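Please read all numbers here as calculations on a predicted model, not as lab measurements.
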Amino acid sequence: MTRYILAALAGIWMADGLALLCFPLLVIRRVQESLQHSPHLLRWQAVGVCLGVTLIVCSAQLPYQPLWWITGSAMAMKSGFLAWGPATWRVSLLNWCFSREAIDYRFIGLGLCALAVLLLHAVGLLTR
């Protein structure tokens, strides 16, 4: 079961990464507009905390274990900050993130795609 949860997480990373690689400014503009219309969407970051903790717990027997622990910890901390952090800090961080150049988002997308492929390899879905 955990293999499928981790594969689903890799699928989310791959979809996000490909969207940022292909249409970085469109994706970021849509996220920014969504947050302006409904700032309470950030409460959904609690799901990111759960997925980060799941990655930490379920990756004990996987290859690249330190990578998954670091990635899961970063996911949980980032999501926790966006969901429950001080509003002034959160707004400042989001404004900074939304003002980046397209190439910055493409590098983030490339990193997400790389993590997705590594996670799929680690759970054994890319090997024979």
Side-chain angles (χ1 to χ4, degrees):
M1 181 67 174
T2 59
R3 179 179 173 177
Y4 297 113
I5 293 170
L6 294 177
L9 179 59
I12 293 168
W13 285 346
M14 184 63 75
D16 288 346
L18 289 174
L20 285 172
L21 278 172
C22 296
F23 310 106
L25 296 178
L26 176 66
V27 170
I28 295 302
R29 192 175 331 116
R30 293 287 167 97
V31 170
Q32 189 175 17
E33 290 171 0
S34 297
L35 286 175
Q36 286 173 350
H37 288 28
S38 180
H40 295 291
L41 284 176
L42 286 175
R43 298 291 181 232
W44 280 94
Q45 289 294 321
V47 173
V49 173
C50 293
L51 287 174
V53 170
T54 301
L55 182 60
I56 293 169
V57 171
C58 294
S59 65
Q61 303 301 321
L62 294 180
Y64 323 117
Q65 184 183 32
L67 173 66
W68 306 131
W69 284 3
I70 292 169
T71 304
S73 299
M75 280 177 65
M77 287 188 297
K78 177 208 54 115
S79 297
F81 174 76
L82 288 175
W84 302 296
T88 55
W89 291 8
R90 185 175 54 232
V91 168
S92 299
L93 178 69
L94 288 173
N95 287 337
W96 178 79
C97 289
F98 290 142
S99 67
R100 311 304 315 152
E101 297 289 328
I103 190 73
D104 296 336
Y105 302 126
R106 285 192 170 109
F107 277 119
I108 292 169
L110 189 61
L112 286 170
C113 288
L115 281 173
V117 170
L118 284 172
L119 186 55
L120 288 172
H121 181 265
V123 297
L125 293 176
L126 295 182
T127 58
R128 294 181 192 200

* State whether the side chain of Q65 and the backbone N or O of A60 hold a donor-acceptor pair below 3.5 Å, judged by distance alone. => yes
* Asked: Would you find a donor on one side and an acceptor on the other, under 3.5 Å apart, between the side chain of S38 and the backbone of L35?
  -> no
* To do: Check side chain to side chain contact (heavy atoms under 4.5 Å, CB included) between V57 and all other residues, then give those that pass, not counting sequence neighbours.
  =>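 For V57 the side chain to side chain contact (heavy atoms under 4.5 Å, CB included) partners, ignoring immediate neighbours, are V53.
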* Inter- and intrachain pairs under side chain to side chain donor-acceptor pair (under 3.5 Å), touching residues 107-122, at least two apart -> Y64-H121
* To do: Applying side-chain contact (heavy atoms from CB on, under 4.5 Å), run through L110 and Y105 and close with a yes or a no.
  => CA-CA 9 Å; L110 189 61; Y105 302 126; over 6 Å; no
* Members besides I103 in its Ile/Leu/Val/Met/Phe/Trp/Tyr cluster (side-chain heavy atoms under 4.5 Å) -> F107
* Under the 4.5 Å side-chain heavy-atom rule for ILVMFWY, direct or indirect, which residues accompany I56? -> W69
* Asked: Between Q45 and A83, which heavy-atom pair has the shortest distance, and what is it?
  ->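 What the structure gives for the nearest pair is CB-CB, 3.8 Å.
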* Among pairs that include at least one residue of residues 102-111, which meet salt bridge (charged side-chain N to carboxylate O under 4.0 Å, His left out), considering only residues two or more places apart or in two chains? -> R100-D104
* Asked: Does any pair with a residue in residues 75-85 pass salt bridge (charged side-chain N to carboxylate O under 4.0 Å, His left out), and if so which ones, sequence neighbours excluded?
  ->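 Not a single pair qualifies under salt bridge (charged side-chain N to carboxylate O under 4.0 Å, His left out).
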Would you tabulate the side-chain donor-acceptor contacts of residues 85-94 under 3.5 Å, counting partners in other chains and residues two or more places apart, or write 'none'?
unit_1: R90; atom_1: NH1; unit_2: G85; atom_2: O; d: 3.0
unit_1: S92; atom_1: OG; unit_2: T88; atom_2: O; d: 2.9

Give every donor-acceptor pair under 3.5 Å between a side-chain atom in residues 5-32 and any protein atom, sequence neighbours left out.
none

* Could I get the full list of side chain to side chain donor-acceptor pair (under 3.5 Å) partners for T71, not counting sequence neighbours? =>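 In terms of side chain to side chain donor-acceptor pair (under 3.5 Å), with neighbours along the sequence ignored, T71 is linked to no residue.
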* Measure the shortest side-chain to side-chain distance between L42 and W84 over non-hydrogen atoms and say whether it is less than 4.5 angstrom. => no
* To do: Evaluate whether atom CD of Q36 has more than 12 neighbouring non-hydrogen atoms of other residues, nucleotides or ligands under 6.0 angstrom away.
  =>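 Yes - once you tally the heavy atoms of other residues, nucleotides and ligands closer than 6.0 Å, there are more than 12.
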